[in-house]
Amino acid sequence: MEFFNDVGGDPLKPSLFELVAQEQLRDLLQPALKYVLAVFAQRYPRYLIRIVNRHEEFYAFIMLFVERHYLRKHNASFSENFYGLKRRRKPWIATERATSAVGGIPAGEKLRSREIWRSLFLLIAVPYIRAKGQDYYESLGGGIDSDILEDGGSERHIRELTDGGIAGVLRRKFKMLYPWFNTGFEVWLLAHNVAYLFDRTPFYRPWLAWIGVDLRRLNMDDFLAHKAKQNAISPTKSGFLAVVRRLLLRSPQLLLDSLRLLLPTAIFFIKFLEWWYSPGSPARSLSISPLGPAVPPPQILPPHPAGITIDSTKYGHCPLCKEPIHNATALPSGYVFCYRCAHDHVEQHGNCPITLLPTKAWQLRKVLV
């Protein structure tokens, strides 16, 4: 992964694969949180159902505090810090040689309040607007086959889109233009990724140029500065109340810092549970059913002495016409015949030709193989 950047290039410039990985991690956080809330909402609907219904707003509110903390403390978003990346203010004039001679982290690289709030807007507000736009597009029936809509859903969509007022016109325009806008946006990002891959631009995302920052890998100076900040011991007061006060003040910061390990671990655990409880998982066969052991199939009825005889060596042949079975049909006794043979015999005699078990025509069941 580092081969593309370390050979004849800037060793601190992150590769495209690192940037895509941190973005995928950020995209996994919202569905993972929504899954957890949905599970607990089934047990406590009185308290959590409103949060689940307003999940986009709740997630944006939570991530506002998380991203703000990481941007202020680590100069990076949560996912960027997880992958060992940081944001720095892009200098107008490159000073790599001067920085190497002096050492340490230049003071001009630290994000200011303006860069932090612009980053928060693009990290939280833009994904929120896109998610709400996608939800509204789907609520208008966009991207959904009318055959799988719920009862009354298709009529509601038609009524909303055929409204002659200004609202109806805007809905129709939105449903028509949104796929093109969304596709154009994705193509724009893809083109920028290709340009970044071939060193045509220093910015992974086009809006990073507007913010005035670029993404870099953490170097030794960053780790030393972080270690020195942790080892710095400020004079503290002794006493039980002072200790409790320090714990209360530091607990939010400790909780936010621990999310770097807790959230990815929670995502892995949730994905593991989804796999474990999925219908096609091989782990399902290892677990014991809560309903007890599987019920064995019923034993086949023995032929009646007065019924017709069957030849067990001619597998796949109809016991009545002695020919290969066509349109296989099973009787309640469990024996299989041709549909025409079974239907005619049941209509005339009203029983199974082998076991003489009473049978009606509506009890015939075709075997689909």
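If you read the sequence from its start, that first residue is 1, and numbering goes on from there.
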Under the side-chain hydrogen bond (donor to acceptor under 3.5 Å, both in side chains) test, which residues partner Gln363, sequence neighbours left out?
-> none
Can we say Glu57 and Lys132 salt-bridge, meaning some charged N sits less than 4.0 Å from an Asp/Glu carboxylate O?
-> yes
Would you call Tyr128 and Gln30 a side-chain contact if the rule is heavy atoms closer than 4.5 Å?
-> no
Check the angle between the aromatic planes of Trp207 and Phe185 and answer parallel, tilted or perpendicular using the 30° and 60° thresholds.
-> parallel
Kindly give the heavy-atom pair with the smallest separation between Tyr196 and Pro14, and that separation in Å.
-> OH-O, 2.7 Å
Identify the heavy atoms of Thr359 and Pro332 that sit nearest to each other, and give their distance.
-> CG2-CD, 3.6 Å
Hey, is Arg87 close enough to Glu80 for a salt bridge, meaning N to O under 4.0 Å?
-> yes
Do Phe203 and Asp214 have side chains that get closer than 4.5 Å, going by heavy atoms?
-> yes
Sub-4.5 Å side-chain heavy-atom contact between Leu208 and Ser119 | no
For the student: nearest non-hydrogen atoms of Cys338 and Pro324, plus distance = SG-O, 4.0 Å
Polar side chain donor-acceptor pair, Glu18 to Gln22, under 3.5 angstrom | no
Side chains of Leu331 and Pro353: closer than 4.5 Å at any heavy-atom pair?
-> yes
Check whether Leu170 and Phe181 end up in the same hydrophobic cluster, where Ile, Leu, Val, Met, Phe, Trp and Tyr are linked by side-chain heavy atoms less than 4.5 Å apart.
-> no
How many angstroms lie between CG in Leu215 and CG in Leu12, if you round to the nearest 0.5 Å?
-> 12.5 Å
From Tyr59 atom OH to Ile62 atom CD1, the distance as rounded to the nearest 0.5 Å | 10.5 Å
Would Val187 and Val20 show up in the same hydrophobic cluster when neighbours are defined by side-chain heavy atoms closer than 4.5 Å?
-> no
Got a sec: does the CZ of Phe40 have more than 12 other heavy atoms crowding it under 6.0 Å?
-> no
Same cluster for Leu64 and Ile129 if Ile/Leu/Val/Met/Phe/Trp/Tyr side chains link at under 4.5 Å?
-> no
Is there a donor-acceptor contact under 3.5 Å from the side chain of Tyr335 to the main chain of Leu301?
-> yes
State, yes or no, whether a side-chain contact exists between Arg340 and Thr329 at a heavy-atom distance under 4.5 Å.
-> no
Could you give me the CA-CA distance, side-chain angles and deciding distance for Arg217 and Asn219, then say whether side chain to side chain contact (heavy atoms under 4.5 Å, CB included) is met?
-> CA-CA 6 Å; Arg217 291 174 180 160; Asn219 54 20; over 6 Å; no
Any idea which heavy atoms bring Ile308 and Pro319 closest together, and the distance?
-> CD1-O, 3.7 Å
Do other residues, nucleotides or ligands put more than 12 heavy atoms under 6.0 Å from Arg72 CZ?
-> no
Nearest-0.5 Å distance that lies between atom OG1 in Thr355 and atom CD1 in Ile310 | 10.0 Å
Can you label the angle between the His192 ring and the Trp188 ring as parallel, tilted or perpendicular, going by 30° and 60°?
-> perpendicular
Value rounded to 0.5 Å, distance of CH2 in Trp210 from CZ in Phe121 = 6.5 Å
Least distance between heavy atoms, Asn75 atom then Leu111 atom | OD1-N, 3.6 Å
Looking at side-chain heavy atoms only, is the closest gap between Asp199 and Lys13 below 4.5 Å?
-> yes
Donor-acceptor list for residues 44-55 side chains, cut-off 3.5 Å, not counting sequence neighbours:
residue, atom, partner, partner atom, Å
Asn53, ND2, Ile49, O, 3.2
His55, NE2, Lys34, N, 3.3

Looking at Arg118 and Glu115, does any basic side-chain N land under 4.0 Å from a carboxylate oxygen?
-> no
Short side-chain to backbone donor-acceptor contact, Arg365 and Trp362, under 3.5 Å | yes
Close side-chain approach of Tyr204 to Leu16, heavy-atom, < 4.5 Å = yes
Gap separating the NZ atom of Lys360 from the CD atom of Glu347, nearest 0.5 angstrom = 10.0 Å
Kindly determine whether Phe337 and His343 satisfy side chain to side chain contact (heavy atoms under 4.5 Å, CB included), including the steps that lead there.
-> CA-CA 9 Å; Phe337 307 85; His343 185 272; over 6 Å; no
Decide yes or no for His69 and Phe78: does some side-chain heavy atom of the first lie under 4.5 Å from some side-chain heavy atom of the second?
-> no
Please check if the side chain of His304 supplies one atom and the backbone of Ala306 the other of a donor-acceptor pair under 3.5 Å.
-> yes
Val336 versus Ala328, closest heavy-atom pair with distance = CG1-CB, 3.8 Å
Between OG of Ser77 and CZ of Arg68, what distance do you get to the nearest 0.5 Å?
-> 15.5 Å
